Engineer: 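Here it is, the structure, as structure tokens.
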There are 2 protein chains.
Amino acid sequence: MFSKACKYAINAMIYVASLPENGQRAGLKEIAKAINSPEAFTAKILQQLVRDELLNSAKGPHGGFEIQGNPNTITIAQIVGSIDGDMIFTGCALGLEKCSEDHPCPVHHKFKAVRDHLTGMMLTTNLKDIATRVNDGISFLKY
Amino acid sequence: MFSKACKYAINAMIYVASLPENGQRAGLKEIAKAINSPEAFTAKILQQLVRDELLNSAKGPHGGFEIQGNPNTITIAQIVGSIDGDMIFTGCALGLEKCSEDHPCPVHHKFKAVRDHLTGMMLTTNLKDIATRVNDGISFLKY
DNA sequence: ATATTTAAAGATATTTTTGTCTTTATTTAA
DNA sequence: TTAAATAAAGACAAAAATATCTTTAAATAT
């Protein structure tokens with residue numbers, strides 16, 4: 001479904017969003033440890049999220065990462081789009097270049113319904129809600 | 001969503017299923033050309049489908065591949081399972097090992113609905129129905 | 001100013017996936 | 001019984017994804 005990079009990205013964003021509002025920024029090491037991901041690889045992914053303005057970063061002592069803007073307005077769809085691109089939203093399930101409503105691949109209509117379901121879910125699932133459930137101990141970031 | 005190998009597999013199965021019932025078997029070259037896939041790589045994939053008893057193969061002149069059993073009873077789910085395994089049906093969206101109803105990852109419930117939709121669709125979509133639509137010119141295997 | 005802490009950038013390495021090539025085995029037909 | 005046609009198997013190659021390492025840049029605190 002998602003690349004590993006994308007899974008790390010979602011996990012990392014949820015972790016950062018779950019931290020107390022007025023707390024310190026989260027450093028790379030802290031994030032990688034929290035989500036059980038390889039540190040250097042995670043750094044690359046965070047850089048991409050910063051480039052796409054989903055995270056802010058600061059160098060130096062007490063530097064680190066924080067959510068850019070309101071976690072309420074950041075969706076899973078944005079994170080996925082940043083790391084995996086939008087083929088998952090728009091691409092043909094069978095990989096055909098010219099698959100469309102007018103010229104559908106053999107599974108086009110069946111998959112369209114699933115894809116629309118997936119897309120809708122991702123667009124309407126925001127970081128704040130997810131982070132709240134993590135903080136309430138209702139869901140978990142590892143193990 | 002699916003690996004390229006899996007996409008080739010689905011396409012190939014649909015192509016073979018779309019051939020006339022009493023016709024010749026389809027050879028590797030014919031299949032690869034029909035679905036626009038690399039020949040040698042396609043060969044590996046077809047071998048796997050034969051191992052998993054979704055296809056029959058025969059060597060020698062007039063050899064080739066044919067659907068094993070009734071195309072009515074072969075589902076997309078079986079083809080996907082043969083090539084990509086069943087992580088797409090059962091795996092955690094965020095890649096967590098211990099994600100379950102009792103110990104859900106942060107997006108577990110949201111994704112469960114989508115995954116169940118996907119799984120149900122794949123389980124209820126059989127080759128015969130798809131092949132029929134290809135034969136009727138309602139859907140297309142390439143371009 | 002300098003040392004320390006941190007992220008960014010870029011080079012490199014490893015693993016997985018995708019793809020190819022060569023050889024072997026089997027079947028058919030002449 | 002030999003030649004041709006085909007898939008199977010296995011070795012190899014290329015590309016992409018994942019992961020690491022090294023150097024640089026920026027910020028802070030002393």
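Predicted model only: the values in this text are computed from it and were never measured. In what follows, every chain begins at residue 1, and chains take the letters A, B, ... in the order their sequences are listed.
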Engineer: Once salt bridge (Lys or Arg N to Asp or Glu O under 4.0 Å) is applied, do any residues pair with A:Lys112, and if so which ones, sequence neighbours excluded?
Structural biologist: A:Asp116
Engineer: Check the distance between D:dA15's C1' and B:Lys4's NZ and give it to me in whole angstrom.
Structural biologist: 10 Å
Engineer: How many Å lie between NE2 on B:His62 and C1' on C:dT26, as a whole number?
Structural biologist: 15 Å
Engineer: Could you pull out all residues at least two apart from A:Glu101 that satisfy side-chain hydrogen bond (donor to acceptor under 3.5 Å, both in side chains)?
Structural biologist: A:His108
Engineer: Can you find a side chain N or O atom of B:Ser57 that sits less than 4.0 Å from OP1 or OP2 on D:dA8?
Structural biologist: yes
Engineer: Side chain of B:Pro61, heavy atoms from C-beta onward: which of C:dT4, C:dT27, D:dT18 has the nearest atom to it?
Structural biologist: C:dT27
Engineer: Please report, rounded to the nearest Å, how far the C1' atom of C:dT5 is from the CZ atom of A:Phe65.
Structural biologist: 13 Å
Engineer: Between A:Ala58 and B:Arg51, which residue's closest nucleotide on DNA chain D lies nearer the 5′ terminus?
Structural biologist: B:Arg51
Engineer: Kindly state each residue pair satisfying salt bridge (Lys or Arg N to Asp or Glu O under 4.0 Å) with at least one member in residues 70-84 of chain B, sequence neighbours excluded.
Structural biologist: none
Engineer: Taking only heavy atoms on the protein side, list every residue of residues 6-33 of chain A lying under 4.0 Å from any atom of DNA chain D, sorted numerically.
Structural biologist: A:Tyr8
Engineer: Tabulate below the donor-acceptor pairs under 3.5 Å that side-chain atoms of residues 6-20 of chain B make, not counting sequence neighbours, or state none.
Structural biologist:
{"unit_1": "B:Tyr15", "atom_1": "OH", "unit_2": "B:Glu30", "atom_2": "OE2", "d": "2.5"}
{"unit_1": "B:Ser18", "atom_1": "OG", "unit_2": "B:Tyr15", "atom_2": "O", "d": "2.7"}

Engineer: Check the distance between C:dA7's P and A:Lys59's NZ and give it to me in whole angstrom.
Structural biologist: 10 Å
Engineer: If we call it a pair only when both distances are under 3.5 Å in a Watson-Crick or G-U wobble match, what pairs with C:dA13?
Structural biologist: D:dT18
Engineer: I'd like to check the side-chain hydrogen bond (donor to acceptor under 3.5 Å, both in side chains) partners of B:Asn36; sequence neighbours left out, ordered by chain and number.
Structural biologist: none
Engineer: By salt bridge (Lys or Arg N to Asp or Glu O under 4.0 Å), which residues pair with B:Arg115, not counting sequence neighbours?
Structural biologist: none
Engineer: Quickly work out the A:Met1 CE to D:dA17 P distance and round it to whole Å.
Structural biologist: 18 Å
Engineer: Heavy atom of residues 36-49 of chain B under 4.0 Å from DNA chain D: which residues?
Structural biologist: B:Lys44, B:Gln47
Engineer: Can you find a heavy atom in the side chain of A:Leu46 that is under 4.5 Å from one in the side chain of A:Ser57?
Structural biologist: no
Engineer: Measuring only between side-chain heavy atoms, which start at C-beta, is B:Ile88 closer than 4.5 Å to B:Val80?
Structural biologist: yes
Engineer: Among residues two or more places apart or on two chains, list those pairs meeting salt bridge (Lys or Arg N to Asp or Glu O under 4.0 Å) that have a residue in residues 58-82 of chain B.
Structural biologist: B:Arg25-B:Glu66
